[in-house]
Chemist: 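The structure's right below; bear with me while I get my questions together.
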Protein chains: 2
Amino acid sequence: MTEANPRRTQADRRERTRRAVLEAAARRLSTHGYANLVLERVANEAGYSRGAVYHLFANKEELALAVVRWVEETWEAEVGHAAAGEVDPVDALMTMAERHALFCRREVARVLLTLRVEFAGQDHPVGQAIAAILDRLDGTCADLIAAGRASGAIPPGPPPRHTAAAYTAIMEAVGIELAGQAPHDLELMGRAVRGVLGLPPTPIVTDSPSGAGSAATPVHTDREVRR
Amino acid sequence: MTEANPRRTQADRRERTRRAVLEAAARRLSTHGYANLVLERVANEAGYSRGAVYHLFANKEELALAVVRWVEETWEAEVGHAAAGEVDPVDALMTMAERHALFCRREVARVLLTLRVEFAGQDHPVGQAIAAILDRLDGTCADLIAAGRASGAIPPGPPPRHTAAAYTAIMEAVGIELAGQAPHDLELMGRAVRGVLGLPPTPIVTDSPSGAGSAATPVHTDREVRR
DNA sequence: GGAGAAACATACACGCATGCATGTATGTAA
DNA sequence: TTACATACATGCATGCGTGTATGTTTCTCC
């Protein structure tokens, strides 16, 4: 081992360790939440000791906040960025929802939902950080909805902020619930989002073959959706 | 106190204590989840000692399972029962969603979501109990969707079981997210559910006044939706 | 090669929460 | 009234996990 490994700089070692710890912590946070996030376990799964974890992060809370920021940056790069590139508000909202559904096909997407639900009834820095992220997202979506209604592309309905809250809640729930169930995750996401915005269903072009497939699909197969 | 209190039977005392403990546990579960459910705290909030809690429930897990059963029974009585009374599948699905939104105006509605998310990545009896409940619900909804499609009342779309999973996820998310935001919680719930089923938006009859209200509502008011 | 800092690993201290043992109060039947 | 069972309350034992202290390894610069 001392022969095969090249000589790494301290900066390289630090970044490598940090990355491994962040990924291990994210996995545990997504499956077990913050209260069950045991740092000894995180360290072992990252391939280091708990001392190494404490060398990099002051405490458990700071580790969790680092994971939250990491997930947010990943989401922005893959989802937010694409939606922001759209000119039309409806296109932006639909693109965001579709990209989010794709984002949810990865395990790490579950981190924010898990932590958000966990801290919903508690006053805690991690919960506050997530609430701030989602407040910003809600504001962005509310602006898009308002713009879409002003242009006539979106029919009138409940106040933009309430509609945006429902939109993001749906995006989150459907994305996680149907994660990995391609291609249904994308279709059902699109349907739900159109519905909450008050938009009519998209014309049925390729749905007929899918409908026929539904009739031919054994009920037993359908029953495996949840686990 | 010894003069004002009538002589209660042991059965009465037991039921009274049990009720108080269940309610206190439900409140804590909905805000802090299972991992942070501290029995000393539950006991204090119920007005009894931890010994009394252990007298009634073998351990923490059994208490949580009792709360889950209690919430399920309440949901069945107020939501499931009303939906089952509908003859038409679409009416059943819409009634269920509407009743669920009303159910979510109470704090206890949050228990199942909190626990479900908490145990999603763990193999635990409480998580299994909740998964079983939701599996049954998904099955019922899938049957309704299949019946609605067979009768032509619901357009074709992704497999009934996938659609049902999205339906219940939406019902859960929107219900909790907009809890207490009357009357928007009901309207947005209806919209989202119609959308995921592939049904067109309901004709705008009373939406115009609401739309005008939206324009007149200060943006600051909208920003208070989340907290 | 040696000194020093950073990257880790291991050990220590302590609080917290669970489950269980033991004690006290209250209802019931003879 | 007494004996017994049940409904609680209080005390004991123990393991778990966090944060911190201490020890070891590796890199960097002179």
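Naming convention: chains lettered A, B, ... in sequence-line order (proteins, then strands); numbering from 1 in each chain. All values reported here derive from a predicted model rather than from experimental measurement.
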Chemist: Just compare dA6(C), dA9(D), dA7(D) and give me whichever is closest to any side-chain atom of S49(B).
Modeler: dA9(D)
Chemist: Nearest whole angstrom, please: distance from the P of dT18(C) to the CZ of R50(B).
Modeler: 7 Å
Chemist: Expressed as a whole number of angstroms, how long is the span from Q10(A):CD to dT24(D):P?
Modeler: 18 Å
Chemist: Are R116(B) and E177(A) ion-paired here, with the side-chain N under 4.0 Å from a carboxylate O?
Modeler: yes
Chemist: Side chains of D12(A) and T9(A): any donor to acceptor distance under 3.5 Å?
Modeler: yes
Chemist: What is the distance from CZ of F57(B) to P of dT18(C), rounded to the nearest Å?
Modeler: 15 Å
Chemist: When you match E40(B) and R13(B) each to their closest nucleotide on DNA chain C, which lands nearer the 5' end?
Modeler: E40(B)
Chemist: Given dT28(C), dA6(C), dA7(D), which nucleotide is nearest the side-chain atoms of T17(B)?
Modeler: dA7(D)
Chemist: Below 30° counts as parallel, above 60° as perpendicular, anything between as tilted: where do the rings of Y34(B) and H124(B) land?
Modeler: perpendicular
Chemist: Tell me: CG of D12(A) to C1' of dC8(C), nearest whole Å?
Modeler: 16 Å
Chemist: What nucleotide, of dT18(D), dC8(C), dT18(C), holds the atom closest to the side chain of V38(A)?
Modeler: dT18(D)
Chemist: Is E45(A) salt-bridged to R28(A), going by a charged N under 4.0 Å from an acidic O?
Modeler: yes
Chemist: Pick base, sugar-phosphate or nothing for L37(A), based on heavy-atom distances below 4.0 Å to the nucleic acid.
Modeler: sugar-phosphate
Chemist: Of Y34(A) and G51(A), whose closest DNA chain D nucleotide lies nearer the 5' terminus?
Modeler: Y34(A)
Chemist: Calculate the interatomic distance between Y48(B) atom OH and dT26(C) atom C1'; express it in whole Å.
Modeler: 13 Å
Chemist: Just compare dG19(C), dA7(D), dA5(C) and give me whichever is closest to any side-chain atom of R14(B).
Modeler: dA7(D)
Chemist: From CG of L63(A) over to C1' of dG17(D), roughly how many Å is that when rounded to an integer?
Modeler: 14 Å
Chemist: Checking contacts here: which listed nucleotide (dG19(C), dT18(D), dC8(D)) is nearest the side-chain heavy atoms of Y54(B)?
Modeler: dG19(C)
Chemist: Should H55(B) be listed as having a side-chain N or O under 4.0 Å from OP1 or OP2 of dC8(D)?
Modeler: no
Chemist: I need the CD-P distance between E15(A) and dT26(D), as an integer number of Å.
Modeler: 21 Å
Chemist: Looking only at the side chain of L39(A) (C-beta and beyond, no hydrogens), which of the listed nucleotides dT18(D), dC8(D), dT6(D) gets closest?
Modeler: dT18(D)
Chemist: When the side chains of residues 69-77 of chain A are checked against the rest of the protein, which donor-acceptor pairs come out under 3.5 Å, sequence neighbours left out?
Modeler:
from, atom 1, to, atom 2, distance (Å)
E72(A), OE2, R136(A), NH2, 2.8
T74(A), OG1, W70(A), O, 2.9
W75(A), NE1, H100(A), ND1, 2.9

Chemist: Just how far, in rounded Å, is C1' of dC8(C) from CZ of R8(A)?
Modeler: 15 Å
